[in-house]
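Worth knowing before you read on, the calculation uses all heavy atoms, side chains too, and leaves out hydrogens, waters and symmetry mates.
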Amino acid sequence: MMLIGGILLIVTGWALYAFLPVAPKVAMYWFDMVHLVVGIVLGVSVFAHIFLGIYNWGEFLCMFGDGTQPLHEAEHHNPVWVENEIMRVKANESVPVTGQQHVR
């Protein structure tokens with residue numbers, strides 16, 4: 001939705017900037033309405049994302065912190081992911097890393 005909205009904002013804004021004096025008024029009216037409505041929807045969604053990021057502070061810290069999340073929070077918010085993807089290990093046991101290889 002954000003990608004389509006961004007493309008709509010770019011296209012309608014460019015059309016309003018470049019063709020306003022020469023284009024039909026009806027077309028420019030609808031370009032202006034689409035530009036306005038999409039801009040408002042995307043602006044409100046930015047504030048919604050900020051609110052949800054602050055509301056779910058643990059996951060916010062996980063995204064912008066060190067990338068880890070306590071297991072009890074992960075189990076609460078993402079139980080299927082924890083059940084299928086998380087492997088329980090003992091304190092002194094090593095964990096095999098799959099998918100990423102570190103080159104030194």
Side-chain angles (χ1 to χ4, degrees):
M1 179 170 152
M2 294 293 215
L3 178 64
I4 294 170
I7 291 170
L8 279 173
L9 279 179
I10 291 169
V11 169
T12 57
W14 177 75
L16 288 167
Y17 177 77
F19 301 115
L20 189 61
V22 294
K25 286 185 178 186
V26 173
M28 291 297 103
Y29 170 80
W30 286 109
F31 274 44
D32 188 38
M33 287 297 111
V34 168
H35 193 78
L36 175 69
V37 170
V38 170
I40 289 172
V41 168
L42 291 181
V44 168
S45 68
V46 166
F47 289 113
H49 275 91
I50 291 170
F51 169 75
L52 291 172
I54 292 170
Y55 175 73
N56 196 354
W57 191 248
E59 288 188 14
F60 181 82
L61 290 177
C62 176
M63 288 187 291
F64 295 104
D66 63 357
T68 62
Q69 184 177 34
L71 183 60
H72 69 278
E73 284 187 23
E75 286 173 337
H76 176 71
H77 292 287
N78 308 299
V80 174
W81 178 75
V82 170
E83 181 180 321
N84 294 330
E85 299 293 331
I86 302 297
M87 180 174 43
R88 297 198 185 268
V89 294
K90 296 177 183 165
N92 295 327
E93 187 178 338
S94 64
V95 179
V97 177
T98 59
Q100 295 180 356
Q101 295 180 358
H102 300 285
V103 178
R104 293 181 192 216

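Evaluation of the ring pair (Phe, Tyr, Trp, His ring centres under 6.0 Å) rule for Tyr17 yields no partner, not counting sequence neighbours. Ile54 meets the side-chain contact (heavy atoms from CB on, under 4.5 Å) test with Ile50, Trp57; sequence neighbours excluded. Checked against ring pair (Phe, Tyr, Trp, His ring centres under 6.0 Å), Trp14 has the following partners two or more places apart in sequence or in another chain: Phe19. Legend: residues meeting side-chain hydrogen bond (donor to acceptor under 3.5 Å, both in side chains) with Asp66, ordered by chain and number and at least two apart, are Thr68.
Counting heavy atoms of neighbouring residues, nucleotides and ligands inside a 6.0 Å radius, atom NE2 of His77 exceeds 12 of them.
At a threshold of 4.5 Å between side-chain heavy atoms, the hydrophobic network of Ile, Leu, Val, Met, Phe, Trp and Tyr places Val11 and Leu3 in one connected group.
Counting only distance, with no hydrogens or angles, the side chain of His76 and the backbone of His72 share no donor-acceptor pair below 3.5 Å.
Residues Met28 and Ala15 share a closest heavy-atom pair of SD-O, 4.0 Å.
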Atom pairs and distances, side-chain donor-acceptor, residues 29-44, under 3.5 Å, sequence neighbours left out:
| unit_1 | atom_1 | unit_2 | atom_2 | d |
| --- | --- | --- | --- | --- |
| His35 | ND1 | Leu9 | O | 3.4 |
| His35 | ND1 | Thr12 | OG1 | 2.8 |
| His35 | ND1 | Gly13 | N | 3.4 |

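Sequence neighbours left out, not one pair with a member in residues 19-28 passes side-chain hydrogen bond (donor to acceptor under 3.5 Å, both in side chains).
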